[in-house]
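Reading through the structure tokens given below for one structure.
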Amino acid sequence: MSEERSLNFIEEIIENDLQSGKYETLITRFPPEPNGYLHIGHAKAICLNFGLTQKYGGYTNLRFDDTNPVTEKTEYVDSQQADIRWLGFEWKNELYTSDYFEQLYKFAVQLIEAGLAYVDHSTAEEIAQTKGTPTEPGTDSQYRSRSVAENLDLFTRMRNGEFPDGACTLRAKIDMSSPNMLMRDPIIYRIKHAEHHRTGNTWCIYPMYDFAHGQSDSIESITHSICTLEYVSHRELYDWFIEKLNIFPSHQYEFARLNLTYTVMSKRKLLQLVNEGVVSGWDDPRMPTISGLRRRGYTPESIREFCERIGIAKRENLIELSLLEFCVREHLNKTANRVMAVLDPIKMVITNYPEGQSEVLIGENNPEAEDKGGTREIPFSKELWIEREDFMEEPAKKWFRLAPGAMVRLKFAYIVKCEDFVKDENGNVTEIHCSYIPESKSGEDTSGINVKGTIHWVSAAHAKTAEIRIYDRLFTVESPDSEEGDFKDYLNPDSIKVIKEAFIEPYLADAKQDARYQFIRKGYYSLDTDSTPEKLVFNQTVGLKDAWAKAKK
RNA sequence: UGCCCGAUAGUAUAAAGGUAGUACGACGGUUUUUGGUACCGUUUGUCUAGGUUCGAAUCCUGGUCGGGCAACCA
């Protein structure tokens, strides 16, 4: 409690409700439809809903909003649960809207009996036509005045499967001239002879979202039903059903969904990327899905921190990807062990180091960790791999790295001086020859020499190899959704770069699946799910900030 | 053309009628055996026009701009 963060508008509402005694316990819910994988936008909602009850007491239910059997699958239920748990949250009750189908049916009967719902045999086109437009009122359906008895009979027969799909619907009888289109006798039940992932073939009629969500909230005594802005106009209907049914008054509050630069967030578009093979799957490391971020190496802590920092408000927003990247770097900087890997190798020969000799150096694992993360052994010898970009034949201004005659420190090792280099017939540098200064060894340097640059390296004789995958933003424009034409026109052709054979220090041969590493001077990396002990595969989670790359521009 | 929601630095988000702050980004610097980290500094903002008030980002009115609403999707 060192620093008091100001409350967002939902927290203000909750504190008022708790103080006024309107509610004693806070109950929220996270209600995904199991028709896709969860993404970072869902993470915002998850952190909000679960975070609120962690902060104020009470609990959060996980409720799968499974009222549309044709799009929903158990695969999605499983992945969504795994993702929520991975993020670090646990729900009180695992519930399904389909658990309430019988109760919802009774609610519908109750409405019919009150003269507030009717069976409509209009076709979909007729319903659309008589709906009116935002500026013109709709007109009553010719079936609107059916008697209660007739409606009851028809609705029973709908349930019994006497009608084919689309033959009729159950509609709430509200007001065809309401300025709110959703109040113009909304459809509340439709016929779908489809197998449901949980109820199988028990039902052939399914409630619509509006007839299911509020009542489900009410059944669970949800005190604050939090959803995104596009549901604002649904609130009137939400309240209408609760009032007419005379059930526990849950209340709906809306906040602005997350938008992130250089990606898309709609499930429809993400599904399209998966189905069309643009990405390798829902968990492709370039996807903004929770599973994609996890595979990419993001940590739950960093995602939660991100959700905390972006805030909760009602205005449309487009968050810069750099904030998400800042959050992972911040966490990984404190927790990831430093290691050395050379991604674009060039040979360095230390001319005055004895042939065939090697020695073991000690490397500190993490200068940022409280215990420095312990140490590890790093073999050193006459021939090393270094990064091609760390040598310049004709050094630029303020170049601190290798160049003819220049000195640099080899991280954890010695200071070396570039004496010579070898080129092939095409003019490419193939080898760099250096002399080392024996008394400049890390930790026991008596040379008195100060160098500006330090570079990483791997002993050629001891190096292991690994495949390394480096990712960039999936799209070339900040907001693919709001550009002209199809969003896929703006895919970044260079969103993935694969380095088939990079050299890594031996320590990494034992890399663990869940471990994150900082490849010194390069970025943060962790093993991909494709990795095997025989063939290691690392993903770059995010690169380190690179002031030199910036300075070059 | 109707109804609803919104508008504060580049991006987000605070300020509950009383000094417009914070973070990320950008830019500059210090430290550094990672051109990383850390630290310091700089830059930029209340959509607009009126009104109420001693005083308005905040309250009121008009306008402008952005978003949502016409699925048997959620």
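Every chain is numbered from 1 and lettered A, B, ... according to where its sequence line falls, protein lines coming before strand lines. Computed from a prediction, not measured in an experiment: that's the story for all the values here.
- Relative to the side chain of A:Arg315, the nucleotides B:A14, B:G36, B:A74 differ in distance, and B:A14 lies closest.
- Residue A:Gly443 is in base contact, counting any heavy-atom pair closer than 4.0 Å across all strands shown.
- A:Tyr209 and A:Tyr231 have tilted rings, their planes meeting at an angle from 30° to 60° on a 0 to 90° scale.
- Residues passing the side-chain contact (heavy atoms from CB on, under 4.5 Å) test with A:Glu308, sequence neighbours excluded: A:Arg5.
- Evaluation of atom-type donor-acceptor distances gives a pair under 3.5 Å for the side chain of A:Arg409 against the base of B:U33.
- In this structure, the side-chain contact (heavy atoms from CB on, under 4.5 Å) partners of A:Tyr262, at least two apart in sequence or on a different chain, are A:Arg473, A:Glu478.
- Looking at A:Gln518, its side chain comes within 3.5 Å of the base of B:U34 through a donor and an acceptor atom.
- Proximity of residues 159-169 of chain A to RNA chain B (heavy atom under 4.0 angstrom from any strand atom) is restricted to A:Gly166, A:Thr169.
- Within the structure, no pair that satisfies the salt bridge (charged side-chain N to carboxylate O under 4.0 Å, His left out) test touches residues 187-196 of chain A, not counting sequence neighbours.
- Of the options A:Ile346, A:Leu410, A:Val342, A:Ile455, a side-chain contact (heavy atoms from CB on, under 4.5 Å) to A:Leu384 is made by A:Leu410 and by none of the others.
- Among the heavy atoms of the strands, none lies under 4.0 Å from A:His456.
- Judged purely by distance below 3.5 Å, without hydrogens or angles, the side chains of A:Gln252 and A:Tyr238 never pair a donor atom with an acceptor atom.
- Nearest to the side chain of A:Asn8, among B:C72, B:U33, B:A14, sits B:A14.
- Side chains of A:Glu136 and A:Thr133: a donor-acceptor N/O pair is present below 3.5 angstrom, by distance only.
- Residue whose closest nucleotide on RNA chain B sits further toward the 5' end, between A:Ala313 and A:Lys411: A:Ala313.
- Between A:His224 and A:Ile14, some side-chain heavy-atom pair lies under the 4.5 Å cut-off.
- Residue A:Ile312 is in sugar-phosphate contact alone, with no base atom involved, counting any heavy-atom pair closer than 4.0 Å across all strands shown.
- Counting any heavy atom pair closer than 4.0 Å across all strands shown, A:Arg184 reaches no nucleic acid atom.
- With a cut-off of 3.5 Å on both pairing distances, the Watson-Crick and G-U wobble pairs of RNA chain B assemble into stems of 3 or more at B:2-7 with B:64-69, B:10-13 with B:21-24, B:26-30 with B:38-42, B:47-51 with B:59-63.
- Nucleotides B:A38 and B:A14 are separated by 25 Å at their P atoms, to the nearest Å.
- In this structure, A:Thr67 reaches the sugar-phosphate backbone alone: every heavy-atom distance under 4.0 Å involves primed, P, OP1 or OP2 atoms, never a base.
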Between protein and nucleotides 64-70 of chain B, what N or O pairs are separated by less than 3.5 Å?
from: B:G67; atom 1: O2'; to: A:Glu316; atom 2: OE2; distance (Å): 3.1

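- When the ring-ring contact (aromatic ring centres under 6.0 Å, His included) test is applied to A:Phe255, no partner is found at least two apart in sequence or on another chain.
- When the P atom is used for both B:C40 and B:C24, the distance is 11 Å, rounded to whole Å.
- Stacking between A:Trp548 and the base of B:G35 is present: ring centres sit under 5.5 Å apart and the planes differ by under 30 degrees.
- Residue A:Thr123 is classed as a base contact, given a heavy-atom separation below 4.0 Å to a base.
- Note on ring orientation: taking the six-membered ring where Trp is involved, the planes of A:Phe475 and A:Phe487 are tilted (angle from 30° to 60°).
- Under a 4.0 Å N-O distance rule, the pair A:Glu72/A:Arg198 does not qualify as a salt bridge.
- Across the interface with RNA chain B, nearest-nucleotide mapping of A:Glu444 and A:Asp66 shows A:Glu444 to be the residue nearer the 5′ end.
- Rounded to whole Å, atom P of B:U13 lies 9 Å from atom CD1 of A:Ile310.
- Counting non-hydrogen atoms under 4.0 angstrom, A:Ser122 reaches a base of the nucleic acid.
- When the ring-ring contact (aromatic ring centres under 6.0 Å, His included) test is applied to A:His193, no partner is found at least two apart in sequence or on another chain.
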Letter by letter from the 5' end, nucleotides 20-29 of chain B scores (B base, S sugar-phosphate only, - none; protein heavy atoms under 4.0 Å) ---SSSSS--
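- The A:Arg190 side chain lies nearest to B:A74 when the options are B:U33, B:U13, B:A74.
- Checked against ring-ring contact (aromatic ring centres under 6.0 Å, His included), A:Tyr118 has no partners two or more places apart in sequence or in another chain.
- With sequence neighbours excluded, no residue forms a ring-ring contact (aromatic ring centres under 6.0 Å, His included) with A:Phe306.
- Base engagement by A:Pro367 is indicated by at least one non-hydrogen atom pair under 4.0 Å involving a base atom.
- The ring-ring contact (aromatic ring centres under 6.0 Å, His included) contacts involving residues 317-345 of chain A comprise nothing, where partners must be two or more places apart or lie in separate chains.
- Look at the P atom in both B:U58 and B:G17: the space between them is 12 Å, to the nearest Å.
- Base contact: A:Phe412 has a heavy atom under 4.0 Å from a base atom.
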